[in-house]
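In what follows, a single structure is set out as structure tokens and then discussed.
Since we're looking at a predicted model, the values are computed, not measured.
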Amino acid sequence: MSANNRIQWLHKRTADMRFPNASRLAERFGISHRQAQRDVEYLKNTLGAPLAYSAEHRGFYYTAEYSLPTYTASEGEVDYVEAVTGTETRAAQREILQMQIPYTAVITIPDKLTRLELQQFIVGEEARGDYICEFHSVEMFLGVIFATEADITIKKPDWLRAKLLHAAERVIKNNKES
């Protein structure tokens, strides 16, 4: 498995409040504990993740909302990926490294027409009317939900529902007549 896969796994577990740690990362990917620590340091120091360690849960958590960047890699970052994986990166891969795994949400969709509008995000059905969605951009996903003008409910995760409510409150506040 590549460094990219390990970073994505670490991010997903941390974002889901599952408190991953270097030992679990090493065990999951069959790497040394030191390599797992380097991956954690890379996520925190190079990618700027607001990581903190919880002694109570014996793992990492985010102190603020965070998503992995999609970015143009610098030579140092490409060198890191090459050093970690032991493989040389092709020129096309050097230009852009996609460091993002999809977010997951469960939403209630009230009608078939809205379901069709959101089909690009739907990957499964959790229960009747409750759909599992995957998306890479939180802002784009919430924008699509706003644009459907349907009675959609975000069932989980809580942070996504809170972000939607905060955005809606901001828009309402900014557009009230004085």
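For F141, the ring pair (Phe, Tyr, Trp, His ring centres under 6.0 Å) test picks out F121, F135, with sequence neighbours left out. Applying the side-chain contact (heavy atoms from CB on, under 4.5 Å) criterion to A52, with sequence neighbours excluded, gives Y61, T63. Annotation: ring pair (Phe, Tyr, Trp, His ring centres under 6.0 Å) contacts of F19 (sequence neighbours excluded): H57. Listed by chain and residue number, nothing satisfies the ring pair (Phe, Tyr, Trp, His ring centres under 6.0 Å) test with H33 (two or more places apart in sequence, or in another chain).
Counting all heavy atoms, side chain and backbone alike, A15 lies closest to Y62 at N-CE1, 3.8 Å. Between L47 and Y66, the shortest heavy-atom contact is O-OH, 2.9 Å. Closest heavy-atom contact between I31 and L25: CG1-O, 4.3 Å. Contact detail for L10 and T14: the closest heavy-atom pair is O-OG1, 2.7 Å. Nearest heavy atom pair, residue A64 against residue P50, reads O-CG, 3.5 Å. Y53 approaches G59 most closely through the heavy-atom pair CE1-N, 3.5 Å.
Applying the 4.5 Å side-chain rule to ILVMFWY residues, one finds V106, V123 in the same cluster as I132.
From I107, atom CD1 reaches atom NZ of K155 across 11.5 Å, with rounding to the nearest 0.5 Å. Here SG of C133 is found 10.5 Å from CD of E126. Values are rounded to the nearest 0.5 Å. Atom CZ of R6 is separated from atom OH of Y42 by 11.5 Å, given to the nearest 0.5 angstrom. Put simply, CD on Q37 and OG on S23 are 8.0 Å apart, with the number rounded to the nearest 0.5 Å. If you take CG on N21 and CZ on R24, they are separated by 4.0 Å, rounding to the nearest 0.5 Å. Rounding to the nearest 0.5 Å places CD of Q8 at 7.0 Å from CG of L68.
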Donor-acceptor list for residues 109-118 side chains, cut-off 3.5 Å, not counting sequence neighbours:
unit_1	atom_1	unit_2	atom_2	d
D111	OD1	L113	N	3.2
D111	OD1	T114	N	2.7
D111	OD1	T114	OG1	2.8
D111	OD2	T114	OG1	3.1

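At a threshold of 4.5 Å between non-hydrogen side-chain atoms, the residues D158 and R161 count as touching. Looking only at side-chain heavy atoms (C-beta outward), L164 and F146 come within less than 4.5 Å of each other.
The local environment of CD in E27 is sparse, with at most 12 non-hydrogen atoms from other residues, nucleotides or ligands closer than 6.0 Å. Within 6.0 Å of atom CD in E149, 12 or fewer heavy atoms from other residues, nucleotides or ligands are found, so the atom counts as exposed in its surroundings. The number of heavy-atom neighbours closer than 6.0 Å to CG of D151, taken from other residues, nucleotides and ligands shown, is 12 or below.
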- Decide side-chain contact (heavy atoms from CB on, under 4.5 Å) for V171 and N175; before the verdict, give the C-alpha distance in whole Å, the side-chain angles of both, and the deciding distance to 0.1 Å. CA-CA 6 Å; V171 169; N175 289 285; 3.7 Å; yes
- Task: Take I145 and I154 through the test side-chain contact (heavy atoms from CB on, under 4.5 Å) and record every step on the way to the result.
- Result: CA-CA 10 Å; I145 288 178; I154 298 175; 4.3 Å; yes
- Apply side-chain contact (heavy atoms from CB on, under 4.5 Å) to the pair E139 and K163, showing each step before the final yes or no. CA-CA 9 Å; E139 291 75 18; K163 187 170 182 81; 3.7 Å; yes
